[in-house]
Amino acid sequence: MFEGCDPVVFYWKIRKFLLGSENNAGLGLPNGLVYSGVDNNKPKHFMGATTGQSSIFPALDVILGIQHFEKDPSPSPQQQQPSSTTRTDAETTTTFQNGQKALNGCGGGSGCAGRAPNSMLEKMRSYMPAPHRAFLSHLAQVANLRDFVLQKSKGEGFDSDPATQALAQSTACVHEVKLFRDAHIQIVTRYIITQARRGPLEGWEDYRVKIVEATAQGIKSSSHGDVETEKAPMRGSGGSDLVPFLKTNRDETQSTKVIQSASKK
Ligand code: HEM
């Protein structure tokens with residue numbers, strides 16, 4: 001990756017084409033974009049491209065029982081009763097009283113322990129092709145590896161060979177996902193954070209400055225108008241508050257390990 005994709009070129013030349021306006025208004029299109037003839041020409045905000053919109057890692061999360069929650073403590077399970085459930089051909093969507101939506105089968109049932117799922121990851125799912133979303137919803141109904149392994153280790157005794165092996169192997173799989181998320185944070189540090197702090201090479205256009213100028217010249221900035229600087233929060237192309245978002249995903253992966261002592265690093 002590092003040989004084939006120079007972080008400086010990625011950040012200063014390529015990344016602007018990946019950005020969206022959702023949660024990223026300060027970096028362009030502060031008023032969104034009008035899609036002619038769509039929704040009475042009301043301007044729309046969409047996320048930029050991010051690999052979180054691929055179904056591969058969400059599928060691994062579901063299979064391995066790795067759950068991602070909204071940061072703030074959620075209402076208790078009683079307050080968190082679903083207010084409506086709509087079924088389409090592709091998926092089931094649960095809407096909670098607080099307006100939060102869950103697409104992943106983590107709809108406030110036992111699997112989620114009443115906590116709201118991470119809304120950023122949920123939103124990324126709405127950018128996937130419908131059959132991928134349907135696949136993830138289906139997977140959430142049928143894949144219960146973590147529960148299965150925990151049940152087996154209790155039922156057959158922790159010392160029985162198959163149960164011990166299943167525990168070790170499922171923990172090893174979760175550990176690999178955690179290692180991926182560690183490595184990914186390093187990639188993001190090198191390709192985004194370091195570049196944003198360092199600024200463009202001499203003679204290179206600073207697309208961030210152009211957008212600030214455009215905003216100053218009369219395009220009304222929205223309340224999300226953070227520009228990527230050392231002080232302002234850095235956002236991913238998908239619009240996440242990227243450092244806390246990625247670190248929380250990594251930590252939630254680590255805490256899923258059935259055997260916590262295994263490879264803590
Ligand atoms: C230059 C390379 C990369 C950069 C700068 C980058 C950056 C980011 C950022 C900033 C996010 C947070 C979401 C957002 O956009 O707001 C994200 C999410 C994500 N990225 Fe990347 N990424 C890169 C490469 C990759 C690669 C190669 C993979 C997979 C093989 C990957 C997988 C993911 C996944 C799965 C997420 C969702 C968060 C999670 O599940 O933990 N990324 N990426």
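Numbering of residues begins at 1 and proceeds along the displayed sequence. For ligands, and for the atoms within them, numbers begin at 1 and follow the listed sequence.
Taking a cut-off of under 4.0 Å to the non-hydrogen atoms of M124, the atoms of ligand 1 that pass are 13 (C). Of all atoms in ligand 1, listed by their number and element, those nearer than 4.0 Å to a heavy atom of F57 are 29 (C), 35 (C). The atoms of ligand 1 that sit less than 4.0 Å from any heavy atom of M1 are 1 (C), 2 (C). Atoms of ligand 1 found under 4.0 Å from any heavy atom of G236 (numbered from 1 in listed order, with element): 10 (C), 14 (C), 15 (O), 16 (O).
Within a 6.0 Å sphere centred on CZ of F180, other residues, nucleotides and ligands contribute more than 12 heavy atoms. Counted within 6.0 Å of CG on L201, heavy atoms from surrounding residues, nucleotides or ligands total more than 12; the atom is thus considered enclosed.
In this structure, R190 is positioned above the aromatic face of F2, its NZ or CZ under 6.0 Å from the six-membered ring centre and within 45° of the axis.
Between G52 and P58 the shortest heavy-atom distance is O-CG, 4.5 Å. Contact record, W12 with Q195: CZ2-O, 3.5 Å, taken as the closest heavy-atom pair. Contact record, S55 with H132: OG-ND1, 3.0 Å, taken as the closest heavy-atom pair.
Here's the thing with D61: none of its N/O atoms is less than 3.5 angstrom from an N/O atom of ligand 1. For A49, no nitrogen or oxygen atom sits less than 3.5 Å from a nitrogen or oxygen atom of ligand 1, counting backbone and side chain alike. By the 3.5 Å distance cut-off applied to N or O atoms, G238 is counted among the residues near ligand 1. Ligand 1 has a nitrogen or oxygen under 3.5 angstrom from a nitrogen or oxygen of T51.
Of the heavy atoms in R235, none comes closer than 4.0 Å to ligand 1. Residue-level proximity to ligand 1 for M120 is absent, since no heavy atom of it falls below 4.0 angstrom. Only the side chain of R181 comes within contact range of ligand 1, with a heavy atom under 4.0 Å; no backbone atom does. By the criterion of a heavy-atom distance under 4.0 Å, neither the backbone nor the side chain of M47 is placed next to ligand 1. Residue contacts with ligand 1, taken as heavy atom pairs separated by less than 4.0 Å, involve I192 solely via side-chain atoms from C-beta onward.
Formation of a donor-acceptor pair under 3.5 Å by the T194 side chain with backbone atoms of T189 is found in this model. Formation of a donor-acceptor pair under 3.5 Å by the R146 side chain with backbone atoms of T256 is found in this model. Under the 3.5 Å distance criterion, the side-chain polar atoms of T50 are left unmatched by any main-chain donor or acceptor of S237.
Inter-residue side-chain proximity for R125 and M128 is flagged as met; some heavy-atom pair is nearer than 4.5 Å. At least one side-chain heavy atom of H68 sits less than 4.5 Å from a side-chain heavy atom of I66.
The existence of a salt bridge linking K247 and D251 is excluded, since no basic side-chain nitrogen approaches an acidic carboxylate oxygen closer than 4.0 Å.
Scanning the protein heavy atoms around atom 3 (C) of ligand 1, the nearest turns out to be I187 CG2, 3.8 Å. If you check which protein heavy atom lies closest to atom 34 (C) of ligand 1, you get G52 N, 3.9 Å. For atom 38 (C) of ligand 1, the nearest non-hydrogen atom of the protein is N249 ND2, 3.5 Å. Scanning the protein heavy atoms around atom 12 (C) of ligand 1, the nearest turns out to be S240 OG, 3.4 Å. Given atom 7 (C) of ligand 1, the protein heavy atom at minimum distance is V188 CG2, 3.5 Å.
Between the choices I14, T189, V177, T50, the shortest heavy-atom distance to atom 18 (C) of ligand 1 belongs to T50. Within the set Y11, F245, F180, the minimum heavy-atom distance to atom 30 (C) of ligand 1 is found for F180.
A continuous path of hydrophobic side-chain contacts links V38 to Y127 [ILVMFWY only; heavy atoms under 4.5 Å].
Protein non-hydrogen atoms do not reach within 4.0 Å of atom 27 (C) of ligand 1.
Atom 21 (Fe) of ligand 1 sits nearest to atom NE2 when only the N, O or S atoms of H184 are considered.
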